[in-house]
Amino acid sequence: MLLDLAAPDFPWIALSVAIPLFAALIAALSSALAPVVAMIAALLCLGAALWTAVLVTTHGAQEVAVGAWPPPLGIVLRADGLAVAMLITAGLVSIAAFAFARQAFSARTQTPETRSAYSFWPLGLCVLAGVNAAFVSNDLFNLYVALELTTIAAAALVAMSGSRAAFEAAIRYLMFALLGSLFYLLGVVLTYSTHGVLDIRLLAISAESGPSTIAAAALMSAGLMTKMALFPLHAWLPPAHSAAPAPASALLSALVVKPPFVILLRIWFEAMPELVTPTLAQAFGALGACGVLLGSILAMRQERLKLVVAYSTVAQLGYLVLVFPLAGGGGAQQPWAAGAWTGAIFLTLSHALAKGAMFLAAGAFVEARGNDRLDSLVGLAREMPISCFAFGLAAVSLMGLPPSGGFTGKYLLLTSSFASGQWWWGIVLVVGGLLSAVYLFGPLSLMFAREPALAVTPVSRARQSIALLLGLLSILLGLFSEAPYRLLQVDRPGAAAEGFT
Amino acid sequence: MSVIVTATTILLLLIGVAFFLAGSMGLLRFPDVHARLHALTKADNLGLGFITLALLPQAADVWIASKLVMIWLLTMLAAATVSQLIARSALHEEDVKQEPGP
Amino acid sequence: MAPAFSALTLFDVVLCVLIIGVALCSSSVRDLFAATVLLIIYGVFVAIAWVRLGAVDVALAEAAIGAGLTGVLLIGAVARLKITESPAAAVSRWQFAAKVIPASLGLLIASGLAYLVLTVEWRETLQAPVLANLPDTGVLNPVTAVLLNYRAYDTLLETSVLFAALIASWCTTHDDLWGERAGLRQHTRRAGILATFGRFLPPIGLIVGIHIFWAGADKWGGAFQAGTIFAAVWILAIMAGVIDAPNATGRSIRSFAVAGPMFFTFVALTGVLAQSFLIIPVMVAKPLTLAIEACLTLSIAATLMLLVLGAPRRSA
Amino acid sequence: MNGSIPFALCGAVLVGIGLYGVMAHDHLLRRLIAFNVTGSGVFLLFGSLSALSSGGATGAVPQALIITGIVVAVASTAFVLALVVRLKEEDVDAPAPGAFEGSSEHDDHAP
């Protein structure tokens with residue numbers, strides 16, 4: 001039997017889970033091989049994802065029935081435009097994070113083997129496997145296991161630095177995440193017991209909205225909102241994401257909070273679109289708006305760069321759920337709804353790239369200055385122009401300035417908010433953008449200040465450019481938004497164009 | 001025939017339960033760890049023994065019956081070991097307590 | 001059909017009341033050690049409930065993992081923390097809200113669920129296809145068929161969760177203790193009662209574990225239940241001083257922990273030869289399933305043992 | 001009355017008790033105990049609903065999912081315990097008052 005790699009039904013998406021998993025196991029066996037294995041695995045994941053993108057745009061959505069058992073008995077992995085876009089982003093961010101981590105966590109430079117050099121690689125690869133599994137799985141219970149894999153590995157990355165604050169942040173994160181898992185699991189249990197299926201597509205066919213379906217959807221959403229740190233369940237995120245070492249922070253903030261949002265989209269837009277009422281959609285939007293405002297205001301008041309960046313994640317995640325009122329309204333906003341759905345995903349992608357860049361740049365600053373206090377950034381642009389430029393590019397994308405990916409996303413959301421007469425969400429978008437300009441201008445103005453920089457430990461240009469590449473990508477996403485836009489339209493759920501009914 | 005078997009089972013079960021009850025009462029009422037252990041292990045081993053005996057006539061074949069006996073023996077072994085360990089740790093704790101005063 | 005209200009129903013109701021009572025006690029008792037012991041008792045009662053629901057595989061898992069292993073983990077933590085009493089709660093003006101809000105939420109969810117239980121028509125439609133396709137899976141126990149064939153992908157990710165938890169808990173080691181033996185150093189007298197027990201029990205435990213593993217294919221049991229028993233035997237042997245505790249840097253212990261998921265992932269990857277993923281071909285279904293289960297059992301045993309021993313620590 | 005209704009109701013009550021404990025307790029180990037109670041309540045509800053609809057025993061798919069869930073729960077429990085023990089050891093090295101009660105300074109359950 002010959003491998004037909006070019007066949008349209010080759011199970012590429014399964015590889016994007018199996019490869020990092022296998023690599024994690026090898027990395028756990030031999031810490032000397034780990035950095036190389038991790039990099040190869042991340043590159044293979046990116047390659048598989050890019051090739052899947054080609055297949056998806058030419059042949060439509062790809063499906064793999066695991067074990068050749070079709071649902072409802074088996075589990076289906078499915079790559080639509082959304083899943084593939086997330087896979088590509090996960091590949092890019094993890095390549096960057098692993099490349100940046102090589103120096104700090106390499107067993108070659110540290111003999112005998114140390115705790116963090118050993119455990120970073122298996123855990124980072126488990127995070128990659130977990131988020132990839134969550135992006136492609138179409139089975140509600142399988143998603144639960146994927147989320148747990150991600151959570152445990154991510155919490156361990158939070159604790160990685162071994163400081164007291166890191167352990168506290170990790171415990172806090174786990175307490176929230178485990179509570180979220182319980183709610184999600186309870187919702188899955190009710191769904192299965194009501195409909196006898198776990199597959200999202202089959203659910204869309206069989207779902208009639210009884211009280212147990214409503215309860216299930218509410219419980220699953222509550223759990224996912226906890227895991228994506230949506231206001232008012234956001235308190236765990238900033239300490240956790242800022243306590244982790246820089247490459248781990250990049251994985252956490254760019255990737256780990258994304259699967260819950262994607263699953264939220266799949267549950268509401270694909271599985272149970274008929275459940276959403278206008279009030280509910282507005283309520284989701286209100287939580288998002290609170291997150292945007294509170295996260296931004298708290299970000300302004302921080303004195304450490306990593307905390308600013310982490311609070312900004314809370315704010316940016318708030319924008320994403322504006323997709324519910326904007327894409328999910330009634331028929332009146334029909335032509336614009338699809339734009340809102342695509343816009344929210346553009347924001348997700350550009351946030352992942354920009355946040356990855358920011359945390360890696362912050363990591364370079366920490367290495368250079370020994371801490372991440374804002375006042376120690378003074379004049380750093382002259383010493384570390386690459387990192388500062390990377391931070392600036394990422395900031396442009398986060399503020400939503402043209403021509404970044406963040407701009408494309410916000411522009412699509414803004415258009416649909418005004419076109420559908422929901423101007424209040426437009427105001428949230430604009431005010432949020434202004435606030436992000438304020439909290440990012442603080443660190444940027446310090447970096448580019450004319451005063452001489454304080455003592456700096458040199459960080460290699462190659463490692464600084466990793467953040468720059470991610471920052472550039474978040475800009476390029478906006479400049480060349482045509483191809484990703486078309487990719488996201490592949491197999492877009494009907495509700496994303498027609499609104500919830 | 002089956003009536004006699006059932007009656008035997010019920011009778012033995014009741015005796016076993018009585019031992020368990022007595023053991024539990026002892027556990028609750030006796031003053032210190034050693035007395036409690038005494039009540040518990042004696043009553044439990046006998047109680048479980050009677051319950052095993054009661055179930056033997058109900059077993060479908062010799063294989064299952066022997067498994068039941070095995071379980072009883074294992075439990076006794078574990079109980080004996082554990083009560084030894086508990087007693088020793090209680091003794092140790094008493095020693096520690098006596099040193100710094102009440 | 002059974003009569004509307006039989007002695008068995010009475011038994012069930014009493015069992016449920018007991019379960020709820022023990023759960024309440026475990027939640028409210030002040031002494032932390034007592035709370036832990038009550039949780040173990042709770043687990044045993046829940047295992048009995050699973051037998052009553054005809055779910056013997058779950059009953060075994062709940063007794064071995066839910067009650068036994070969780071209990072051992074908690075007792076170990078309580079002992080290491082050397083605390084038994086909950087600290088006196090700080091008086092704050094939020095204290096009232098901090099109890100009332102969870103209480104009302106708990107009450108709301110419990111009553112909502114109870115309402116749903118009594119009013120909704122529930123559906124279980126997968127049992128028929130599970131049984132219909134059983135011949136293709138090579139096993140006779142439908143639960144094993146689901147775990148290692150129909151939904152083997154869940155199990156693959158689940159073993160990865162265990163693996164991640166192991167690396168994660170290793171990650172809590174003090175930096176200067178990395179490479180030391182796991183857990184506290186054991187001090188056992190060579191001729192002591194525990195040492196004798198530790199020598200006597202492992203062979204029996206191994207036999208029981210192998211039995212549960214082997215039976216899992218056709219009747220009740222399987223990799224997780226058997227793995228837990230092996231882990232218990234392993235821990236006992238270490239506690240009794242029969243064998244040494246492993247250290248996280250050891251090559252062999254890492255191989256043990258990784259072998260199961262690695263073989264499983266490898267099998268999953270060979271599925272791409274058939275343009276799919278995680279295929280268990282019908283022709284070799286039985287031997288392949290048993291091979292996967294054997295590797296998984298080994299890894300589960302090693303992982304659970306290491307999780308119970310915990311990170312290396314300084315002797316006090 | 002179907003035989004598994006008591007267990008389903010029992011599961012519902014356990015979920016309530018457990019969720020209360022997870023949110024109301026200060027002590028991390030107590031929260032973890034409550035977390036395990038909630039988990040087994042969810043599973044009991046799951047199994048008995050399946051038994052309820054088939055009119056007999058719990059189906060094979062719910063059983064398999066529950067076993068998976070139990071293993072995932074014990075993995076999480078083990079990791080949290082490892083973190084809690086380590087945090088306590090930090091306290092022994094450098095004691096900080098009240099630091100051990102996970103939520104004393106951060107109000108993370110009552111927004």
Side-chain angles (χ1 to χ4, degrees), chain C residues 4 12-13 16 19-20 23-24 26-27 32 35 39 46 49 53-55 57-58 61 65-66 69-70 73 77 80-81 86-87 89-90 94 97-99 101-103 106-107 109-110 113-114 117 122-124 126-127 130 142-143 146-147 151 154 158 161-162 165 168-169 172 224 307 310-311, chain D residues 1 3-4 6-10 12-17 19-21 23-24 26-27 29-30 33-34 36-37 40 44-45 47-54 56-61 63-64 66-68 70-72 74-75 77-79 81-86 88 98 101 104 107 109-110:
Chain C
D12 289 350
V13 172
C16 286
I19 291 176
I20 292 172
L24 279 174
S26 173
S27 175
L32 198 52
L39 184 75
V46 172
L53 286 165
D57 289 284
V58 180
I65 303 173
L69 196 66
T70 311
L73 283 166
R80 273 163 207 166
L81 299 175
S86 290
W94 292 108
K99 301 280 175 207
I101 293 173
L107 201 64
I109 288 184
L113 287 175
V117 165
W122 303 100
R123 218 182 294 172
E124 166 69 72
L126 289 188
Q127 191 66 5
V130 164
V143 179
V146 178
L147 278 173
R151 295 184 66 95
D154 272 349
E158 169 198 4
V161 170
L162 266 182
S169 70
T172 64
F224 291 102
L307 284 176
Chain D
M1 187 171 100
S4 35
F7 293 113
L9 293 175
C10 178
V13 175
L14 291 177
V15 170
I17 295 174
L19 282 180
Y20 167 77
M23 289 182 284
D26 287 332
H27 200 289
L29 288 194
R30 280 178 179 281
I33 289 175
N36 276 289
V37 169
S40 65
L44 201 56
L45 184 72
S48 50
L49 288 183
S50 164
L52 194 64
S53 46
S54 66
T58 306
V61 173
Q63 284 199 50
I66 291 166
I67 291 173
T68 305
I70 290 175
V71 175
V72 169
V74 84
T77 305
F79 177 35
L81 285 175
L83 282 171
V84 171
V85 168
R86 177 62 205 272
K88 176 73 177 179
E101 301 161 36
S104 54
D107 188 340
H109 39 71

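Letters A, B, ... are given to chains in the order of the sequence lines, protein chains preceding strands, and every chain is numbered from 1. Basis for what follows: all heavy atoms, side chains included, without hydrogens, waters or symmetry-related copies.
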Student: Top residue by heavy-atom pair count (under 4.5 Å) with chain D, among C/S27, C/A103, C/G106, C/G54?
Tutor: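 Maximum pair count with chain D is reached by C/S27.
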Student: Counting heavy-atom pairs closer than 4.5 Å to chain D, which one of C/V130, C/V58, C/L24 comes out on top?
Tutor: C/V58
Student: Under 4.5 Å from any heavy atom of chain C, what part of D/L14 do you find: side chain, backbone, both or neither?
Tutor: side chain
Student: Given that the side chain runs from C-beta out, which part of C/L39 has a heavy atom under 4.5 Å from chain D: side chain, backbone, both or neither?
Tutor: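 For C/L39, the contact with chain D is made by the side chain alone.
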Student: Testing the basics here: between C/L113 and D/A12, what is the closest heavy-atom pair and its distance to 0.1 Å?
Tutor: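 That closest heavy-atom pairing would be CB-CB, 3.6 Å.
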Student: Can you tell which part of D/V15 gets under 4.5 Å to a heavy atom of chain C, answering side chain, backbone, both or neither?
Tutor: side chain
Student: If you tally heavy-atom pairs under 4.5 Å against chain C, which of D/V72, D/L19, D/V61, D/L83 wins?
Tutor: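 Among the listed options, the one with the most contacts to chain C is D/V61.
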Student: Could you verify whether a donor N or O on one side chain and an acceptor N or O on the other, from D/T58 and D/Q63, lie under 3.5 Å apart?
Tutor: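 Side chains of D/T58 and D/Q63: no pair found under 3.5 Å.
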Student: Please determine, among C/A114, C/G310, C/S26, the option with the most heavy-atom pairs under 4.5 Å with chain D.
Tutor: C/A114
Student: I'd like to check the side chain to side chain contact (heavy atoms under 4.5 Å, CB included) partners of D/V13; sequence neighbours left out, ordered by chain and number.
Tutor: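 D/V13 satisfies side chain to side chain contact (heavy atoms under 4.5 Å, CB included) with C/I20, D/I17 once adjacent residues are dropped.
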Student: For the candidates C/A55, C/A77, C/P142, which exhibits the highest count of non-hydrogen atom pairs separated by less than 4.5 Å from chain D?
Tutor: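 Top option by heavy-atom pairs under 4.5 Å: C/A55.
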Student: Which residue out of C/L307, C/T172, C/V46 racks up the most heavy-atom pairs below 4.5 Å with chain D?
Tutor: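 With the most close heavy-atom pairs to chain D, the winner is C/T172.
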Student: Not counting sequence neighbours, which residues clear salt bridge (charged side-chain N to carboxylate O under 4.0 Å, His left out) with C/D154? List them please.
Tutor: C/R151
Student: Over all heavy atoms of both residues, which pair between C/E158 and C/F224 is shortest? Give the atoms and the distance, please.
Tutor: OE2-CZ, 3.1 Å
Student: Could you tell me which portion of D/I67 (side chain, backbone, both or neither) has an atom closer than 4.5 angstrom to a non-hydrogen atom of chain C?
Tutor: both
Student: Is it the side chain or the backbone of D/A34 that comes within 4.5 Å of chain C heavy atoms, both, or neither?
Tutor: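 Neither part.
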Student: Measure from the side-chain N and O atoms of C/S169 to the backbone N and O of C/A311, and report whether any donor-acceptor pair falls under 3.5 Å.
Tutor: no
Student: Looking at C/D57, C/L107, C/L126, C/L69, which makes the most heavy-atom pairs under 4.5 Å with chain D?
Tutor: C/D57
Student: I need the minimum non-hydrogen distance between C/V117 and D/L49, along with the two atoms involved.
Tutor: CG2-CD2, 4.2 Å
